[in-house]
Engineer: 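Pasting in a structure now, in structure tokens, and then I'll have a few things to ask.
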Amino acid sequence: MTETPPADAGSPQNVATAGPARAGLRAWLSLIVLTSAVVLLAVDGTVLALAIPALTADLDPSGTEILWMGDIYSFMIAGLLVTMGNVADRVGRKRLLLIGSVGFGISSAVGAFAPNPELLIAARAFLGFFGAMVMPSTLSILRNLFDDPRQRATAIAVWAAGATGGAAIGPLSGGALLENFWWGSVFLLNVPVMLIVLIAGVVLLPESRNPAANRIDLPSAALSVLAIVPIVYAIKHVAGSGFDASVPPSALVGLIAGIAFVRRQRRLTQPLVDVSLFRVPAFAGAVIAETIAIFAFIGLLFFFSQYLQLVRGLSPLQAGLIELPATLASMAVIAVAGFVLGRLGRGRAIAVGMLTSALGLGLLAAAENASGYVLLCTAVAVCGLGAGLSTTLATDAVVSAVPKERSGAASSVSETAYELGVALGIAVLGSLQIALYQQRLELPESLPGELRAAVEDSLAGAAAALHGAGPVAAGIMDAARHAFTHAMQVTSVVAALLLVVAAVTAWRTIPSPVGKDSA
């Protein structure tokens, strides 16, 4: 009788103990396609701001129309992510991504050649609608491509770098295009990239869906929109226009719809969002960690851009270059995410990322009064590294907490946390920044009332109102710059302290198994 030779690790007898299958070349090529799509979605969220002066001269929109051009995109994405994540689970993630890519490209072309503000607003709304199809599909397909926890952490680091880096790339790419072409060029940038995503996606991406998915519950879908959009509107309105009579009813509608949504999810056998997951400390902690990391990172970068241009006197393109180290550092996470996850475990690694961001914000507070740009660049790089690490691993924790067939729904929760983090960061830190600026500002008693109101409103308002106003304006602008810098420093420290609290929460609530058990 012939003796059976010992089986090696790769033999069928040991498949069960060999660990999750490792992804091959096709999966990594697919990741490039998925990341390209999410980069464009992030770019589209920030690129419009630079085009406002040029399109205003061409289309002559009202102030309200300008606000809707910027806000409708994020409203549509934030409101529809939960629904579209579940649609992806039902009809197929690849199919929904490809449909969304076609729609995104067509909407971009319509927006580029819009002859009036109304059509441009409609095009931006459809960009958000189709973007909500694309975004959860990218992350849920990624979850199905990478089973090995270290590979998955690296892949999500690439994806997260696309999401955070795209927001920073927007001003750079927009500034370069607007220096040479008309305002519609910032939209046409989407078309060739989405065409590449479409063609490569057909060839490379696998199809996946939830075989047990039921029909989408339409009342739940409507309630999810009614819960998120009014709250995002209230937050953005307070940040952009201040508190007025429209804010309380908007927030109340969102709160009531949110309560009704949660109660309905508890009764459904196949809910849009499995709210019972939030009773699991690891899941809830990961969602909170992701929201706060983005809250601090994007919120501070938004006002840091104003600081660079209005205090340091840089052009938009130069300001974008100063912020570039943050983008590069967030991309560097790609190389270390899997290693850190394996050595520290998920909870401790997320906490370390948030503490790193907090250190960066502390450096930023010190650097804002320093001469030169070395310390500034170092500070934003440290912020980017920490935010990239914590966001990557928190996203990984969220999508790993559910079975693969429910990855679309889990992805939508993660991305909704991202969108809310952006909105909250700009609004809450923005309100604090403005209040501190106004408190610190010292103006001469003789300053006329209308001019005083413009200077007290914001540093941007001061620069516009005092332009060409003579020698007196120089002293007032110096006072405004000092007040703005002080406000930035205090806001940076407050954001750093919030990150420390969130880091402690992540350390205590998110499990941190290491090695093979870190999946």
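Position 1 is the first residue of the sequence; numbering continues from there.
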Engineer: Look at the rings of Tyr437 and Phe484 and say which category their plane angle falls in: under 30° parallel, 30 to 60° tilted, over 60° perpendicular.
Structural biologist: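 Aromatic pair Tyr437/Phe484 classed perpendicular.
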Engineer: For residues Met354 and Ala502, report the shortest heavy-atom separation together with the two atoms involved.
Structural biologist: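 Residues Met354 and Ala502, closest heavy atoms: CE-CB, 3.3 Å.
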Engineer: Give the C-alpha distance, both sets of side-chain angles, the deciding distance and a yes or no for side-chain contact (heavy atoms from CB on, under 4.5 Å) between Ile231 and Ser250.
Structural biologist: CA-CA 6 Å; Ile231 289 176; Ser250 296; over 6 Å; no
Engineer: Can you confirm whether or not the ring centre of Phe187 sits under 6.0 Å from the ring centre of Trp182?
Structural biologist: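 Centroid separation for Phe187 and Trp182: 6.0 Å or greater.
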Engineer: Below 4.5 Å, heavy atoms only, C-beta onward: do Phe146 and Leu142 meet side chain to side chain?
Structural biologist: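 They are in contact (side-chain heavy atoms under 4.5 Å apart), so the answer is yes.
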Engineer: A side-chain contact here means heavy atoms from C-beta on lying under 4.5 Å apart; do Ser492 and Glu368 qualify?
Structural biologist: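 The answer is yes; the side chains approach within 4.5 Å.
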Engineer: With a 4.5 Å limit on heavy-atom distance, are the side chains of Arg440 and Val490 in contact?
Structural biologist: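 Counting from C-beta outward, Arg440 and Val490 never come under 4.5 Å.
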Engineer: Whether Arg124 engages the ring of Phe129 as a cation-pi pair (distance to the six-membered ring centre under 6.0 angstrom, angle to the ring normal within 45°) should be assessed.
Structural biologist: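 Relative to the ring axis of Phe129, which defines the angle, Arg124 lies outside at least one limit.
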Engineer: Let me confirm one number: the CG-OG distance from Leu127 to Ser108, rounded to the nearest 0.5 Å.
Structural biologist: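 Spacing of CG (Leu127) from OG (Ser108) equals 4.5 Å.
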Engineer: Is Leu120 close to Trp183 at the side-chain level, that is, under 4.5 Å between some pair of heavy atoms?
Structural biologist: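 In contact.
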Engineer: Between Met488 and Gln433, is there a side-chain heavy-atom distance shorter than 4.5 Å?
Structural biologist: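 Touching, per the 4.5 Å side-chain cut-off.
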Engineer: How long is the span from the CG atom in Leu80 to the CZ atom in Phe130, to the nearest 0.5 Å?
Structural biologist: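 It is 11.0 Å, given to the nearest 0.5 Å.
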Engineer: With a 4.5 Å heavy-atom cut-off, do Val197 and Val134 have their side chains touching?
Structural biologist: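 They are not in side-chain contact.
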Engineer: Side chains of Leu364 and Val380: closer than 4.5 Å at any heavy-atom pair?
Structural biologist: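 Yes - at least one pair of side-chain heavy atoms lies under 4.5 Å apart.
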Engineer: Locate the shortest heavy-atom distance separating Ala479 from Glu442; write the atom from each residue and the value.
Structural biologist: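 So the two residues come closest at CB-O, 3.7 Å.
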